Amino acid sequence: EKGGWSSFMAKEISEEPEAVANTLRGRVRDGEVVIPELDGLDELFAGVSRIIVIACGTAAYAGQVGKYAIEQWTRIPVDVELAHEFRYRDPVIGPDTLVVSISQSGETMDTLMAVKYAREHGAKTLSVCNTQGATIPRESDAIVYTHAGPEVAVASTKAFVAQITALYLMALHIGRVRGAISAADAADHVRELEAVPGKIAQILEREQAHIEQFAGWMADTRSVLFLGRHVGFPIALEGALKLKELAYIHAEGFAAGELKHGPIALIEPGQPVFVVVPSPRKSSEMHKKVISSIEEIRARGARVIAIAEEGDAAVLPKADEVLRIPLAGPFFEPLLAVVPLHIFAMGLATAKGLDVDQPRNLAKSVTVE
Ligand code: BG6
């Protein structure tokens, strides 16, 4: 039930902190990741030389975010593929390939068929799923459940942050099994993960009303662009997808570095562009590059809405609007930066008088190919 909320989507965004906290619950002990579901699979993980993540829609963007941390913490190369593209090109897979599927419902036919294909071709399969006993986890060798609770609104929100959390737990577990990451480093990442729910709650508390009001002012907008770099890139894609799905507005996400190779031609005066700004504390080089992307588009008249870390003073004079997120360690910003984008898409669709829970032409779970 919706409780006092105006929509399931509003309720589910408010549950993003819990979705992360519940996915972590019982899986961390003294700074170590403990995933009982993965007991007895050390040999399987030791034998993996390649990971392919498959999913559709928002779940695929969770996979794209996860790729950076999985590679870093396990030192296993990771590819992310749309499930419906995966099996139509004779992919090179075998017993040393781990195919990680991500699905909220566990019933998405495209994803299920890709998992079956992977198994039939000898790959190992691991399912990240939010629905106990669903078909995809039943078809997989291993399961890491997300505990986001039932998600009703068609556009996925709390499941997305739970999926990234589960992928990070999985990566830390595999990284430790393979000796690719030290106990101390893993413990640092676990601490960061444990701090995420409180930080998302802070964003909801401090920024939600502001973002909704601001989205309301943009109700007549016809096109919105989203830019990001590194882990901010899939977040830009997710921000654009949400706006298409919910507000029926043309929206596109780009890698900031790609701007000069084409998309900058789209910038005309007044064009709103969201920019996910990486932390200056982690990579001053990446931060500088994104700031210079902002300068380039602003010089051409773009209206820049930056999502930036608190205390990032360099952004303020460059952007028309700054949405603040709390400080977080490397890899953890996407779990925060996505929240303003979820609120924005919901706010804009609501301002247009649209049904945010049941957008036209879409279904929560697509059980046909
Ligand atoms: C789409 C939904 O059809 O399926 C998206 O509208 C979702 O919100 C995607 O991300 C994948 O669904 P699932 O259940 O496999 O995560």
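A quick note: this is a predicted structure, and the numbers were derived from the prediction, not measured. Read the numbers this way: they start at 1 and go in the same order the structure lists the ligands and their atoms.
A ring-centre distance under 6.0 Å is not found for Y168 and H189.
Atom 14 (O) of ligand 1 has S105 OG, 2.6 Å as its closest protein atom, hydrogens excluded (heavy atom only). The single protein non-hydrogen atom nearest to atom 3 (O) of ligand 1 is V366 CG2, 3.3 Å, given as residue, atom name and distance. The protein atom (non-hydrogen) at minimum distance from atom 10 (O) of ligand 1 is T58 N, 3.1 Å. Scanning all protein heavy atoms for the shortest distance to atom 12 (O) of ligand 1 gives T108 OG1, 3.4 Å. Among all non-hydrogen protein atoms, the one lying nearest atom 16 (O) of ligand 1 is Q104 N, 2.7 Å. For atom 9 (C) of ligand 1, the closest non-hydrogen atom of the protein is C56 O, 3.7 Å. Looking only at protein heavy atoms, the nearest one to atom 4 (O) of ligand 1 is K364 O, 4.3 Å.
Defined by atom type and a distance below 3.5 Å, a donor-acceptor pair is missing between the side-chain atoms of E139 and T125. Looking at E107 and T367, their side chains never bring a donor and an acceptor atom within 3.5 Å of each other.
Screening F274, F344, F254 for a ring-ring contact (aromatic ring centres under 6.0 Å, His included) involving F226 leaves a single residue, F274. Checked options V144, V161, T165; the residue passing with T23 is T165 (criterion: side chain to side chain contact (heavy atoms under 4.5 Å, CB included)). Under the side chain to side chain contact (heavy atoms under 4.5 Å, CB included) rule, S293 has a single partner from I264, V273, L259, which is L259.
Side-chain contact between S127 and V115 is absent, with no heavy atoms from C-beta onward closer than 4.5 Å.
A distance-only check finds a donor-acceptor pair linking the side chain of S7 to the backbone of A10 [under 3.5 Å].
With a 4.0 Å cut-off on non-hydrogen atoms, V154 touches ligand 1 through its backbone as well as its side chain. Only the backbone of A363 comes within 4.0 Å of ligand 1, judged by heavy-atom distances.
Residue S103 has at least one heavy-atom neighbour below 4.0 Å for each of these atoms of ligand 1: 13 (P), 14 (O), 15 (O), 16 (O). Within ligand 1, the atoms closer than 4.0 Å to a non-hydrogen atom of S156 are 8 (O), numbered from 1 in the order shown.
Comment: K260 does not engage E296 in a salt bridge, judged by the lack of any side-chain N to carboxylate O separation of less than 4.0 angstrom.
By the 3.5 Å distance cut-off applied to N or O atoms, T111 is not counted among the residues near ligand 1.
Distances shorter than 4.0 angstrom do not occur between any heavy atom of S365 and any atom of ligand 1.
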